[in-house]
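Sequence lines set the chain letters: A, B, ... in the order given, protein chains first and strands last, and positions in each chain run from 1. Just so it is clear, the structure is predicted and the values come from calculations on it, not from any experiment. What's counted below: heavy atoms across the whole structure, side chains too, no hydrogens, waters or symmetry copies.
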There are 2 protein chains.
Amino acid sequence: MFQVELKASYANRVAVVSQNQILQSLIAENLVSDPKGARGRLLTEAARLFREKGYERTTVRDLAAAVGIQSGSLFHHFRTKEEILKAVMVETIRLNTALMQAALEAADTSRQKLRGLIRAELESINGQTGEAMAVLVFEWRSLSAPSQGEVLELRDIYEKLWLDVLESLKREGALEADPFVVRRMLTGALSWTVTWYKPERGGLTLDGLTDQVMAMMAL
Amino acid sequence: MFQVELKASYANRVAVVSQNQILQSLIAENLVSDPKGARGRLLTEAARLFREKGYERTTVRDLAAAVGIQSGSLFHHFRTKEEILKAVMVETIRLNTALMQAALEAADTSRQKLRGLIRAELESINGQTGEAMAVLVFEWRSLSAPSQGEVLELRDIYEKLWLDVLESLKREGALEADPFVVRRMLTGALSWTVTWYKPERGGLTLDGLTDQVMAMMAL
DNA sequence: GACAATACCAAGCAAGCGCTTGGTTTGTAA
DNA sequence: TTACAAACCAAGCGCTTGCTTGGTATTGTC
């Protein structure tokens, strides 16, 4: 019992550490803003406000107040309000793509890979980047078509990770349904967790929730 | 082969007829607006525009133009813009609750009932009421809290239909995962079909899609 | 310390929004 | 035909929004 708890605690710490390493290397490569810097803090607050009130109902005055500056000052950092929205989306895709790739590398079998992807996506959606992930889903229409195109390119890289794993499972006979359809079902199902999942509810951890998803698919 | 096609065609016609009967009786009871009337036409166009551009980006001028009147005239029919949004939501829940109930009555086993609910919800989401159903999901935050409360009351009736069936399946041992979680996963998965499902894609009919969902759950 | 770059302030602009108001037109019933 | 209710028009109001502009303050570098 004590030994099991010690192992779980160590695994969590290892996972957190490597997530932090991934974040730091993305920051170093200027792919993601440092959450501690002015731009990063603004994006974090923007994601929160956009999630909470919607992009359209969040004014530049709201955004500025959230980081403690005047609204005109935002335009020193971003050309337009829309550029803020796009940055929220782009940066969360980059980070989560990297985290998904790490989850894949840590797994051996196709089934373990799928579990790793589900677990990682659930963590993205319900953890630190949850607000940005929800913004990606709910505020898509507020992006101009050119910006949508750019974000989609990044999104396609992320989606390919999923489809590759699901196609392996299909080939191995472990999955009966069409991988294309399954992925889209999972996208919807996992994205929706943002509206209802709370760890305190019945003690359902992210691992427990992942197990439920896998059970639901009889995997 | 010919006999099978004849049966399918007849089943479709029967289903369409009974859907129309359900709609007509809701209209008669003033629970839903007649799509052919001024109010109903406005709500149909509103659902379309809200889905397409978002509620916040759809102006009253847009709404008015869509039905061929001047913007000030809208306020003869609805007190505020928000009341239009709420009516779109309320009316689609009422209609789809009735359709779900009909699907339940047409089924015998718990598995058939679940299949009926999934099929009916997929039809709601991807058929005539698809725009309104998407508005229900994506525009929730634009509703004031009192209105959200009212819509939720109707929504809870609808959700209970699902939970009852899933709980039966759980008791019968056909479902391993938690019904509460499964329903929410299904909500997300099925709602998301609005973003990608097209009947022309690989010939996947609503029945075929329903089968994929059931297969994904190994049911 | 001097200078440049960066970050921020304060005031206000032009455009557009939901809605009101006074009026006209259309539909319905007697 | 008349009277009334319902539906619509046209003009415009008060307010809000994203953003600009001219300035000040702070930070970074040599």
Check your understanding: Of the nucleotides dA10(C), dC19(D), dG18(C), which one has an atom closest to the side chain of S71(A)?
Key -> dC19(D)

Check your understanding: Reckon H76(B) has a side-chain N or O less than 4.0 Å from the OP1 or OP2 of dA7(D)?
Key -> yes

Exercise for review: Enter the distance from R141(A):CZ to R57(B):CZ here, rounded to the nearest 0.5 Å.
Suggested key: 10.0 Å

Point to revise | Pairing string, 5' to 3', for DNA chain D - Watson-Crick or wobble contacts under 3.5 Å, brackets [ ] where pairs cross, | to another strand | key: ||||||||||||||||||||||||||||||

**Study point:** Validation row: E123(A), Q19(A) side chains within 4.5 angstrom (heavy atoms)
**Key:** yes

Exercise for review: Say whether, by atom type as modelled, one donor and one acceptor occur between the side chain of S191(B) and the main chain of G188(B) under 3.5 angstrom.
Suggested key: no

Check your understanding: Does a nitrogen or oxygen in the side chain of H77(B) sit under 4.0 Å from OP1 or OP2 of dC8(D)?
Key -> yes

Check your understanding: Taking the side chain as C-beta and beyond, is there a heavy-atom pair between E150(B) and K86(B) under 4.5 Å?
Key -> yes

Check your understanding: For dC9(C), does OP1 or OP2 lie under 4.0 Å from any side-chain N or O of S73(A)?
Key -> yes

Point to revise | Rounded distance [0.5 Å steps], CG in L136(A) versus CD1 in I93(A) | key: 4.5 Å

Practice item. Rounded off to whole Å, could you give me the CG-to-P distance for the L63(A) and dG18(D) pair? Key: 8 Å

Review point. Taking for each residue the nucleotide of DNA chain C with the nearest heavy atom, is it D62(B) or Q70(A) whose nucleotide lies nearer the 5' end?
Key: Q70(A)

**Study point:** Quiz item: R61(A) side-chain donor-acceptor pair to dG18(D) base, under 3.5 Å
**Key:** yes

